[in-house]
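Numbered from 1 within each chain, the chains take letters A, B, ... in sequence-line order.
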There are 2 protein chains.
Amino acid sequence: MMSEPSIPANVRDLAARRHVDAGGAIFRVGTSASHVYFLLRGRVALNRFGPSGEEVAIHVADPGEFFAEASLHAERYHCTAVALADTEVAAIPSVDLRARIQSDPQFAMQWLESVAGQLRQVRARVERLSIKSAAERVRHLLLTEGRGKTPTYALRGTARELAGQLGLTHEALYRVLAAMQREGTIARTRSEIVLLR
Amino acid sequence: MMSEPSIPANVRDLAARRHVDAGGAIFRVGTSASHVYFLLRGRVALNRFGPSGEEVAIHVADPGEFFAEASLHAERYHCTAVALADTEVAAIPSVDLRARIQSDPQFAMQWLESVAGQLRQVRARVERLSIKSAAERVRHLLLTEGRGKTPTYALRGTARELAGQLGLTHEALYRVLAAMQREGTIARTRSEIVLLR
DNA sequence: CGTCGCATTGATATCGCTCAAATCCGGTGG
DNA sequence: CCACCGGATTTGAGCGATATCAATGCGACG
């Protein structure tokens, strides 16, 4: 059984617990950015929509993560948060969080570190999306996000989601994975991809 | 005449001025992340290198910007910084900057805002790179980075650089721009692109 | 046990990459 | 002042990788 991650002690007193059913929205793009969130259970997708209505997955949050962090400094949310599963979040009013950052230098540093970490992660994703070959993108994913000596990537959602992360259609991803498997570059189980060479 | 941007007053006393010739490296990937930089004059490219040696432009800094901000929390630099022109930077020791953040809450908030702003910007770029069509990428760039009522994008370097930013080859970018111009979607001058409809 | 969405594979079309070549432009040195 | 040079810009031709459309199987869930 997976135990629930706990809200960082520094801000526990500011947080209000909230439940969201699968498919429900936590906030929508354009509405007033009043809260920052911490994910306790479930999964949350942060999406944007292009002019033609096409959806782009900006980020998928897993338990133990803050999300909508950047909204601390914005008037309005820049994306829409949708629960992918039954989800439990802690909502922290932006105003209170700002005040806490001002008054607690240690927490300020922790918070900063977390934002900087996200920045690094997103930069890695930019790097990945700049690669033209689908196979090289997968390899890059395994090398940068994989764990262990033989890089192993635990896929968190569906393969379709991963395809979105990689800027590929799901068909293209399946084909590339099949090809890499055939030629022995990777190995796959239901929930993992391992880079062999 | 362009006047030189000034180092934020909060950290001016920590900074050491340094000159770098065009083509010179400011720091290299893998070396100890000892300083954060503020760009006073010139242009600086932040690059990473793939396994096959191909270069990916992570970011191009313009005067008035901090760069290597994320390195405040990292052991080593994750990218290489190269001067694209004769360049003047202010180097701020990471240690000192961290101390300043701890001791000056107002500065901490400013710094945090700057990092969060970068995060938003990079996220927008991820969104852009997730778009499949080259024309739509250009349109997205103009909509998100353009200024004014009729979105106008001032191109800072060469069109080749822009192509890199957009995840396209320079040929593809030239063709798309030509086509969009032909059909009246955009207008171009030497240094600007304007979205017409 | 029917339905829905994910996974997988096939066929085809298309867009952007690659290779190639001509021109333009700014800078440099004679 | 002019010839030259290197890099940026621009356009062409062809190919290949990925998107798109389509069909099937499968597993979860009601």
Which of parallel (below 30°), tilted (30 to 60°) and perpendicular (above 60°) describes [X] and [Y]?
| X | Y | result |
| --- | --- | --- |
| A:Tyr37 | A:His35 | tilted |
| A:Trp111 | A:Phe107 | tilted |
| A:Phe66 | A:Phe38 | perpendicular |

In whole angstrom, give the distance that lies between atom [atom1] of [X] and atom [atom2] of [N].
| X | N | atom1 | atom2 | answer |
| --- | --- | --- | --- | --- |
| B:Ile193 | D:dT9 | CD1 | C1' | 13 Å |
| A:Arg160 | C:dT9 | CZ | P | 15 Å |
| B:Leu166 | C:dG16 | CG | C1' | 13 Å |
| A:Leu84 | C:dC6 | CG | P | 11 Å |
| B:Leu168 | D:dT9 | CG | C1' | 16 Å |

Q: From the options A:Arg128, A:Gln165, A:Arg125, select the one residue that forms a side chain to side chain donor-acceptor pair (under 3.5 Å) with A:Glu145.
A: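 The single option meeting the side chain to side chain donor-acceptor pair (under 3.5 Å) with A:Glu145 is A:Arg128.
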Q.
Base, sugar-phosphate or nothing for A:Gly167? Non-hydrogen atoms, less than 4.0 Å.
A. sugar-phosphate
Q. Is it true that atom CZ of A:Arg147 has more than 12 heavy atoms of other residues, nucleotides or ligands lying nearer than 6.0 Å?
A. no
Q: Give me the bend of the helix from C:dC1-D:dG30 to C:dG30-D:dC1, using the axes of the five pairs at each end, rounded to 10°.
A: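 Between the axes fitted at each end of the helix from C:dC1-D:dG30 to C:dG30-D:dC1 lies an angle of 40°.
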Q: May I ask you to decide if A:Leu72's main-chain N or O and A:Arg98's side chain share a donor-acceptor pair within less than 3.5 Å?
A: yes
Q.
I'd like to know if the side chain of A:Ser71 and the backbone of A:Ala74 have a donor-acceptor N/O pair within less than 3.5 Å.
A. no
Q: Would you kindly compare A:Leu155 and A:Lys132 by the position of their nearest DNA chain C nucleotide and give the one closer to the 5′ end?
A: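 Looking at the nearest nucleotide for each, A:Leu155 comes out on the 5' side.
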Q: With a 4.0 Å heavy-atom cut-off, tell me which residues in residues 169-190 of chain A come close to DNA chain D, sorted by residue number.
A: A:Thr169, A:Glu171, A:Ala172, A:Arg175
Q.
Just to verify, what does B:His78 make a side chain to side chain donor-acceptor pair (under 3.5 Å) with, not counting sequence neighbours?
A. none
